[in-house]
Asker: 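Here it is: the structure, laid out below.
Keep in mind that the numbers below use all heavy atoms, side chains included, and drop hydrogens, waters and symmetry copies. Residue numbers begin at 1 in each chain, while the letters A, B, ... track the order of the sequences.
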Amino acid sequence: MNRVKDFIYRDILSVNENSDLRRVIITMKRHRVCAIPVVNQLGEYIGCISEQDILNASVPQYMKSMYNTSFMADLDHIVGHLHDLLDEKAIKFTDSNYPTVTPSDSMSYAADLLFRSKKTALPVLEGKMLIGLLTRIEILTVSLNGNKIS
Amino acid sequence: MILTVTLNPAIDKILILNGFEIHKLHRLDSREMSMTVPGGKGVNIALNLKVLGDDTIATGFAGGHEGHLLCDSLRQSGITTSFVFTEGSTRTNTSILDTQHETLTEINDFGQEIPEDDLVFLLESYERLLNRVDMVVLAGSLPKGVIEDVYRQMIIMAQGHGIKVVLHAAPKYTDPLIDSGPFLINPDMRSYHHFMGRPLDGIDAFLQAGREIIAYQKDTEFVIFTHRIENVVAVTRKQSYILRPRDLKIVNMLGYADAYLAGFIHAYRQNLPTADVLRYASAAGLTNIEALYKEIRNTEQITANLERIDVEEVS
């Protein structure tokens with residue numbers, strides 16, 4: 001059976017819960033990732049911030065009521081509001097329910113979780129420690145090795 | 001788990017040519033080679049440690065396309081990466097090894113400039129990583145913009161976690177750090193023969209310098225001078241050692257000290273007697289020198305080379 005441990009993308013760069021949003025965005029841009037793990041001072045994983053989480057937070061509250069209709073938010077308002085949030089702490093934008101996997105999970109479980117949650121990557125945890133990420137492309141490449149996900 | 005810190009890593013462009021000349025167009029033929037591989041002292045040590053079977057996290061600064069190349073390549077080798085990316089790009093160091101004339105020409109770029117906020121972010125990340133490792137390697141030069149005191153801060157932070165620090169850098173960086181008491185000091189004296197504020201060369205001078213450091217700093221257990229390959233001098237608290245390889249055939253000096261230190265760390269973590277740790281380290285260095293690649297590929301050769309290392313114990 002294919003296990004997560006054999007497909008981990010072993011990068012563990014994270015942001016601190018006290019890092020500001022500016023640092024989060026800079027880090028995502030430079031690292032070319034769409035989501036970044038957030039850890040506490042001890043390095044224990046506490047959640048993830050995705051581009052979507054930041055975009056959601058950048059829509060001003062007064063627009064949110066219109067957001068679900070056909071209303072298209074004005075870019076200037078979003079950018080302006082986001083600019084005001086740059087000094088806020090990462091913890092404020094962290095999704096602590098972001099799905100995670102462990103090295104011993106099966107790849108079929110991980111694939112199911114990834115597809116259902118529509119995330120681009122899942123943090124791989126050993127206890128409370130982040131040991132890497134499981135990305136969509138790793139799941140797609142399982143098939144290239146002549147394997148079936150199971 | 002071991003943490004290697006490379007604040008000024010590089011992409012190594014290594015050209016192995018059979019007859020290098022200036023003012024000439026070289027087209028590589030089948031006997032020649034061009035390699036583009038991750039580089040920088042700490043990165044090289046991480047690569048060697050992985051070959052020896054030790055799990056390693058590599059951290060430092062990286063940037064741009066070259067930074068991604070560096071990290072991708074390290075992960076492919078099985079190393080966990082935690083590099084802080086900066087606005088500037090990772091430098092490229094070029095080495096030309098001429099097999100015909102037996103010369104090595106090196107051109108090292110100075111690397112990206114690091115803004116203060118990226119350094120703060122790196123130090124935060126470093127402190128967290130200390131919770132998951134039991135040994136730290138600080139190796140190589142500092143990039144522009146990074147305060148000279150950063151290695152001292154890193155040593156003190158590691159010591160606060162009870163973690164041993166291996167320090168491998170040019171005398172310019174190691175000299176001011178002697179009083180911070182790293183576990184192992186290995187000054188990189190390939191191109192600069194001054195250490196501790198004085199000209200330093202020869203077995204007796206190395207022994208003297210090592211003893212002075214050990215007597216002065218209770219936390220330092222090893223002072224090792226590796227750059228004179230025919231007489232590697234290691235000073236410890238109990239005694240000193242001179243290690244000499246027999247019938248040395250130099251093929252490529254690139255990465256020698258990095259392979260030596262990886263060998264040292266690997267053997268030290270097996271709790272071997274000190275003389276055996278030093279013998280293994282020298283055999284690792286020797287294995288590296290006698291092969292074309294800058295990191296060890298054949299670990300069985302290290303074992304085979306152990307008997308070629310003469311160990312002299314000096315009281």
Asker: Using a cut-off of under 4.5 Å for heavy-atom pairs, which of A:Arg10, A:Arg32, A:Arg30, A:Lys29 has the most such pairs with chain B?
Answerer: A:Arg30
Asker: Measuring heavy-atom distances to chain B, does A:Ile131 have an atom under 4.5 Å in its side chain, in its backbone, in both, or in neither?
Answerer: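 Answer is both: backbone and side chain atoms of A:Ile131 are under 4.5 Å from chain B.
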Asker: Please classify the contact of B:Leu129 with chain A as side chain, backbone, both or neither, using a heavy-atom distance under 4.5 Å.
Answerer: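 For B:Leu129, the contact with chain A is made by the side chain alone.
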Asker: Is the ring centre of B:Phe222 less than 6.0 Å from the ring centre of B:Phe264?
Answerer: yes
Asker: For A:Asn40, which atoms come within 4.5 Å of any heavy atom of chain B: side chain, backbone, both, or neither?
Answerer: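 Backbone only.
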Asker: Please look at B:Glu127 and chain A and tell me whether the side chain, the backbone, both or neither of the residue comes under 4.5 angstrom of a heavy atom of that chain.
Answerer: neither
Asker: Can you tell me if A:Asn16 and A:Ser19 form a side-chain donor-acceptor pair at under 3.5 Å?
Answerer: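 No donor-acceptor contact under 3.5 Å links the two side chains.
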Asker: Is the closest side-chain donor-acceptor distance between B:Arg75 and B:Thr81 under 3.5 Å?
Answerer: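 Looking only at side-chain atoms, B:Thr81 and B:Arg75 do form a donor-acceptor pair, the distance falling under 3.5 Å.
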Asker: Under 4.5 Å heavy-atom distance to chain A, tell me which part of B:Leu130 shows up: side chain, backbone, both or neither.
Answerer: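 Neither; nothing under 4.5 Å.
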Asker: Under 3.5 Å, is there a donor-acceptor pair between the side chain of B:Thr90 and the main chain of B:Gly63?
Answerer: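 Answer holds: yes.
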Asker: Flag the pair B:Phe85 / B:His68 as yes when their ring centroid distance falls below 6.0 Å, and as no otherwise.
Answerer: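 So the answer is yes for these two rings.
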